[in-house]
Amino acid sequence: MIGVIFGVIVPYIAVAIFVAGVVYRFVNWANSAVPLKIPTTGGQQKSFPFIKRTIYDRFDSPYTWWETVGRMILEIFMFRSLLKNTRYYLDRASQKDARWLWLFAILFHYSLLLVLIRHSRFFLQPVPEFVEMLSEIEAFKGVFIPSVYISGLAIVAGLFLLWLRRIFLSRERTLSLPSDHFALILLLAITISGNIMRYFFKADLAAVKELLMNLMVFNVGKAAAIADSIEPIFYIHFALASFLLAYFPFSKLMHAGGVLFTPTRNMPNDNRAKRHINPWDSDPSVPILTKGITVSGMTFTSKKLDWDTYYSMYTDQLDEIAESDYKIVPEEL
Amino acid sequence: MYNKKYVIPLILIFLVGFFTPYWYNAMAGSFGYEPELKKPAGECVEDSKWMAANHMLLLQQWRTQAIRHGAEGGRIYHSFTTGEEYHASTNTCWSCHDSKEEFCDQCHDYVGIHPECWDCHYTPDIEKPQYQGTDSLSKFFS
Amino acid sequence: MEEMPEKIEIRQRFPEWREMLKPVKELEEGRTSYLSTPKQVDSEFFKMPFGDVERDLHDLKLPENWKELFLEAMKDTLEKNRAFKLFMDICVRCGACADKCHYYIGTGDPKNMPVGRAELIRSVYRRYFTPSGKIFGEWAGARELTEDVVKELYYYAYQCSLCRRCSLFCPYGIDTAEIVWWLRRILSRIGLNQRFMTISIEASARTGNHLGLLPGGMVGAIQQGLEELKDVTGFDLHTYINKKGADVLFVAPSADYFATPHWFVMLGYLLLFNELEEKYGLTITWSTYASEGGNFGTFHSYEAAQLLNSKIYKEAERLGVSFIIGGECGHMWRDKHQFINTMNNPPKNEEWKKFWENPDLGELAEGLRGIRFDSYASGEHGWIHILEFTAALIEHNKITIDKSRNDHWTATYHDPCNVARGMGMVEEPRYVLRNVMNKFYDMPEHTIKDKTYCCGAGGGMLADEIMDLRMRGVMPRMMAVRHVYKKYGVNILLTPCAIDKAQFPHALEYWKIPIEVGGPMEMVGNALVLTAFGEKPEDRQYDLRGEPLGGEEDVQ
Amino acid sequence: MMSRRKFLILTGAVAAGTILPTQISAKTQFVEAAEEIEAKRRWGMAVDVAKCTECMEELIAKTGNEKVKPPCVVACDKENNVPEFKEKRFDPQWMRIAKLKLEKPVNAKEFYIPLLCNHCEYPPCVQVCLTKASFKRPDGIVEIDMHRCIGCRYCMIACPYGARSFNFLDPREGLEEINPKVQMRTEGVVEKCTFCVHRVDEAIAKGEEPVPACVEACHKFGKGALVFGNVKDPNSEIAKILRENMPVQLRANLGTDPHVFYLKLGGE
Amino acid sequence: MAVEFKKIEGDSIQYIALVIILAVVTGAGFYAYVLDHEIGGLNGLSNRVPWGIVNAGIPYFIGLSAGSLIVSALAGVFNIKKYKVFSRIAAYMAAAWIIAAILSIALDIGKLYHFMNAVKYFNPTSIFSWNAFLYSSYFVICSIYLLVQFEEMERATRFMAGLAVFWAVLVHSGTGAIYSFMYSKELYHSALTPPMFIVCAITSGLGLLLATLYFTFKFTNRELDPSLIRGLGLIFAGLMMVLGYFLAVEGLEKGYIPGLHKAVQFVFLNPGTGVFWSFWLLVVFGIAIPTIIILYPKTGYDLRWISVAGILHAALVFAERFYLIIPGQVFPEEYLPGYELESLHTLEGYVVSYTPTIFEWLQIIGLIAMVYLIFVVGVKLFALIPERAVEEVVEE
């Protein structure tokens, strides 16, 4: 029974929620307009040719499409902004580089990537060679039996480090919400249960793969039969992972996709070369406030600010300027 | 929806990426593939279901036993399941499972694991001629 | 002016997360901006909703359906601005931004951490716009929208100078400035506006500049500048205003017309313009209609920003100029760089179009041939920063510089936040300064360029009633200045930003660093040899401040 | 039943989890006083140099090949899957014949002796092995655990007798026949003579006297110069020979106490 | 005012080119390793000479590391304040060299993926086993030492400096012991080796550091006071003479034993072999000439000459490692005293030649490039180099 619920029904629901949820979030974000081109410029802009612009400036203050792509890639794969992190020492009134968070984050995320790649062996038949190679390299094939996968341990370490930060650093503790702890605990539970299954209470991996291969082709009857034969320990790991999948699109974990949408990073700093059009104010010949804004049924309209209005207000003074032929000279004393 | 030029490919990449197993397995023609194990000649030293998950631990015990203790003590294994004694050696396994390809490799390939045992250890599938003992040296010295 | 705080004690508090969701009880004196009163907001030039109500922070007098209005405005914002929506969703609260905020460093108030500030509105977002917040309430970090919450939102929205330093360090580029800017817009929909800002916006909408200077007053101010320059140089200099047919429109922040030390920068502009006209025939005109480069609307809302900057392209078109030069101002360049050509249609006059087909200064003044703008600008924008312009003149040897005239100054340079992080101009000013003076030193690396600290008065925070906050916010910057003051004996802090120039004299006095404040163009003015007027390098006896040149001992 | 199985699971798991050497659990489970049994024995080998020289001289005369491999060497190679490579510097050789000549007389006679691992009482290779991959069994056989060897070659430096070879190349490529009773080696590990430990173990299990392949071949095809046996057993042949002769150990001054003894140096 | 350390901008074409070149060379080194192991037998090793120059890299890099660290700790342990300016660079280099040393072991061993066994099964009688522990702990100590320097924790820095020096001595004696305790090889066995290793470590580490400092300060346009370098140079020259003394004593002792006459003759007087050249080049170009350069007043104050001396010495200390490791292997041991012995089937009993191949050289050069890659990237990421290194900086 456990097998059927957690081995067949739950994963189907989780995957459906995950896929629909992520697509919904993407569409939802894309439905909002980007009124302004507002990149945060972290380096020297593109300027006169004689102004030196280094390779870092190209990525921190991108001008072309490719430079912007480069910035995003560095951001996503190197966590470049976190690498720049500093810490302010109140007692010394100065700041220094602080890269621990970067280190922990890199440790966790890359371990996660490796772990996911390794898990792809349960879904792909035949198992791709690079997956096998990667697993063998990180496990130092042959040293331990069964193989000890470094990424599997590193991910637990990384998660603990990230969590301990939230628990012991007063500032992080203050700004951590229950959901922040929850996400970390959930991931810890998944990774720890996975490790336990790997090293202590073993499950029959071939059966697990058979289950997944059958689930994929909606061979429900057979899958249910296989599911019942797998050790219960597997279902702790599997159910938690399913839950994470379903939880993902509706939590802060969605930062994985959101980072691609962030307007302060994914736009080039070429405002002066290419005009950005605001989709909800595409013909701004008259300012919105002059046209009027409506709040609670009332319309508020500002007076026109064109030259004629202005001239009519200060005619005398402007005429005086015109008389002096628009030229200002020092007064003769 | 704004920025369709980027968002739609992004969604497609996500879907293609997430559903990699589908197109990958479709291309390999391996949907629903399951390994088929050759039926062994006799009973296994332990319960076969237990062996499926834990045989590596057993073999590891055997190898340490056989190498580091040798002689009488080390090479004899008492089975939990049958209670019988077995000689701790890969050759003991080969007496029932006579093909690595049709037995071991089936599951190992299926879950993408390649133990390095066969770098050194003899398997029944080996192609080279087998040595027949000192008597066969008579062709050199007689 | 409000009294300077006697003593600053930074008390860091680390309440638990539940505490963070509760609105603050007491709004501290010296950190709370005054609310707008009908007199300023209900002006016909800057018509804002519910500006006709006398309110103060003890009695907000919100409209009856304020909650709906607020949520409606928020929904509208979520649709109109992807940044706002995204930044509501993807923050992981890693804390990287926390100690990047100068106000947080200075106050120790946890809600002043950029993430804390954003959480104030994020919690409301969760409660009303996400399923988890609706279901789990507080445990999902959501909270009800109450009058206290609105009060708190106002309190903290006006403790941010929109400097974007947090955005630089955020792994997802979450820009708290963007959140706060749109939050202020939402607040203005239920009638909550900051007094200091609305006064300036109204004045700017009416007269063209924040100070409310009328055309005659502006002419008089410039005229006085020319008189002072006659004393310093001995030449009869002139300039143009509202002149049709000039080559270039020059737009400066209005503080340059009056305030000190902005004034010396103004003198610097005038010297440069005269030299260029006399030598090359490039005419540059001021305008009374577009007399303000700064734009306090960029602190308030999209609409207000658009209202104010709509004048300049219109004026450029009316006067028939070829391009626009902008003066030394910080947020002006966020506006003029990133906003203006989205918010307005660029000029359509013939001269403009013709020039930008081949944007070489030689098209306007033959002697300046070779200085081209097309490596980074086009006719869709048309703004050049005065320091970029000067850097190009120096690079092409179009002006004569006598560095030694600035030998009595040992300078350091403060990057205005918006210029560094909203525009990316960091090398040009340094290029200019290295070429016009001998003694120029940068502050420590984490406090300059893109990582520059805010002066603590930007984004509408120049109001006098929040002097305590300003002095706290400027603290990290002052510590960096003190470092170079001790190390190199720096005696002037240069910054191309009008708000900085207004804030730093107070701050330097408060933090007891006895040095002057100025702008790079002042140094250019000092060093510029008016060869077209026949000036020799040794002719100038006084600098623009009227102090005798010649040797450091005079200054020491 | 169940409890014992659980025990195996747990010991295995603990071993993997805490990086403890697995033999701890092995000892407690399988080997009942194995050391005591084995400590009764101490394997050694005696070489009659005169017979050996005679055999070699005959063989060289017959084949005309100066570097001919005598039966003992060939048997060793075949028995233990020792590969053969053209390039001599990479070629592993567990047992090889050396030509010996006294420096003094002008036309000194040449003798032939076999060189192999001496299975020292105090083996320097075991002393230096980084991972305890080289170890000495209680019965005196010095063995290499290929699963542990990291290929650092420190033992080769430490060995005073040059008995060890490193697998620079994949040894399978140098094999024509395979003896399934002895595992092959892989590239990157060190190997050497084991006194045909598999034969020893098998014989002991059957209650027979063990005979290594070289000894067997020496007696079958050679002059019977090699004698293998338990030096602790006063009745064994080797004990008798060692008692009656004045055996020489190689590099005895190092104090490693090698257990290959050379007899009758200089002939009868 | 305290010394101020500052990162470099690292945005010039030259810098990026340097990083790329170093990365390519490092990559080539690792590729050579892969080729050597995939194809097999591309090295010059044999069953007689199983340890070649990749192995010689271990003591060499350890030496550079230990030497660098001892310079770094001068400020902390001996309280010589003026050398505080170099303490970060030196400690960082020390950590980088130890990585190279550990990698050198990794490249040298035959079954790389078995190396965890060295941690799993510790053999207390094996010096190498102890060293595996010492090297890794030494790296940790170096890192902590660097960290406390970055955090400006004064007391912790002094404590860690002391500990690091103690550990460096321990590590290096241990490395010396790997070779010197090998009683099976007559030419290895010498009690002088560990102390000589320490001296040699300091001189080579210091020599290379002098050159590194000179070039670093030159290319970053920072001020470097020659008198500071001069002080280090004198220590350098003094210790080089001590090294020469050790070499002489060891050689003479070996030469005094009749049983070793042949071997000693082979090593010192046989110009046909690399061993001969490694020794005499070391003595002439590695010790004599650098010492003269430092002591001769005209060149001894010139930073360029000092760095030449440093590089010469550091490069030829590699020859010293060669001289230390190879002769004991190529010269045959005497199995049975008085008898000549020649194996029919292996190379036993012959003088074996060992010539390192290009693949082995590439591995060593790749590791050196890797260290400088770490260094060059490090000065951009961490505040390692002082803004200016002059004596009065500290005295203020």
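So you know, we letter chains A, B, ... as the sequences are listed, proteins then strands, and number each from 1.
In this structure, the portions of A/Leu305 lying under 4.5 Å from any heavy atom of chain C include both its backbone and its side chain. Using a 4.5 Å cut-off between heavy atoms, A/Asn266 does not touch chain C at all. For C/Glu68, no part sits under 4.5 Å from any heavy atom of chain A, backbone or side chain. For A/Phe79, no part lies under 4.5 angstrom from a heavy atom of chain C. With a threshold of 4.5 angstrom between heavy atoms, A/Ile38 approaches chain C through its backbone and through its side chain. Neither the backbone nor the side chain of C/Phe136 comes within less than 4.5 Å of any heavy atom of chain A. Of the atoms belonging to A/Glu320, not a single heavy atom falls under 4.5 Å from chain C. Only the side chain of A/Tyr63 comes within contact range of chain C, with heavy atoms under 4.5 Å apart. Looking at A/Ile51, the atoms closer than 4.5 Å to chain C (heavy atoms on both sides) all sit in the side chain, from C-beta outward. For a residue to count as touching a neighbouring chain, one of its non-hydrogen atoms must lie under 4.5 Å from one of that chain's; by this rule A/Asn28 touches chain C with backbone and side chain alike. Contacts of C/Glu315 with chain A are made by side-chain atoms alone, with heavy-atom separations under 4.5 Å and no backbone atom involved. A/Leu260 does not touch chain C: none of its heavy atoms, backbone or side chain, sits under 4.5 Å away. Of the atoms belonging to A/Pro39, heavy atoms from both backbone and side chain fall under 4.5 Å from chain C. Only the backbone of A/Met254 comes within less than 4.5 Å of a heavy atom of chain C; no side-chain atom from C-beta onward does. Of the atoms belonging to C/Cys91, it is backbone heavy atoms, and not side-chain ones, that fall under 4.5 Å from chain A. Using a 4.5 Å cut-off between heavy atoms, A/Leu90 contacts chain C through its side chain alone, with no backbone atom that close. Looking at A/Asp270, there are no atoms closer than 4.5 Å to chain C (heavy atoms on both sides), in backbone or side chain. With a threshold of 4.5 angstrom between heavy atoms, A/Arg265 approaches chain C through side-chain atoms but not through N, CA, C or O. Within the 4.5 angstrom heavy-atom criterion, no atom of C/Ala73 approaches chain A. Looking at C/Ser310, only its side chain comes within 4.5 Å of chain A, counting heavy atoms on both sides.
Remark: aromatic rings of C/Tyr104 and A/Tyr88 are distant, center separation not under 6.0 Å. Between C/His238 and C/Tyr240, the distance from one ring center to the other falls under 6.0 angstrom. Between A/Phe261 and A/Trp29, the distance from one ring center to the other falls under 6.0 angstrom. The aromatic ring centroids of A/Tyr310 and C/Tyr289 lie less than 6.0 Å from each other. Aromatic ring centres of C/Tyr172 and A/His255 lie closer together than 6.0 Å.
A salt bridge is absent between C/Arg93 and A/Glu172; no separation between the charged side-chain nitrogens and carboxylate oxygens falls under 4.0 Å. With salt bridges taken as basic N to acidic carboxylate O contacts below 4.0 Å, none links C/Asp89 and A/Lys252.
In terms of heavy-atom pairs under 4.5 angstrom with chain C, the leader among A/Val259, A/Leu162, A/Leu289, A/Thr290 is A/Leu289. Of the listed residues A/Ala322, A/Gly258, A/Pro178, A/Gly257, the one with more heavy-atom pairs under 4.5 angstrom with chain C than any other is A/Pro178. When A/Arg272, A/Arg53, A/Gln317, A/Gln44 are compared by the number of non-hydrogen pairs under 4.5 Å with chain C, A/Arg272 comes out ahead. Between chain C and the options A/Phe182, A/Tyr314, A/Phe50, the largest number of non-hydrogen pairs under 4.5 Å is found for A/Phe50. Most heavy-atom pairs under 4.5 Å with chain A: of the set C/Gln12, C/Arg334, C/Lys47, C/Arg206, this distinction falls to C/Lys47. The candidate from A/Arg173, A/Arg87, A/Lys304 with the greatest count of non-hydrogen atom pairs under 4.5 Å with chain C is A/Arg87.
A cation-pi arrangement is present between A/Lys96 and A/Tyr89, with the terminal nitrogen or guanidinium carbon under 6.0 Å from the aromatic centre and inside a 45° cone about the axis.
Donor-acceptor pairing under 3.5 Å is recorded for the side chains of A/Ser47 and C/Glu428.
Within the model, atoms CG of C/Asn81 and OH of C/Tyr302 stand 10.5 Å from one another, a figure rounded to the nearest 0.5 Å.
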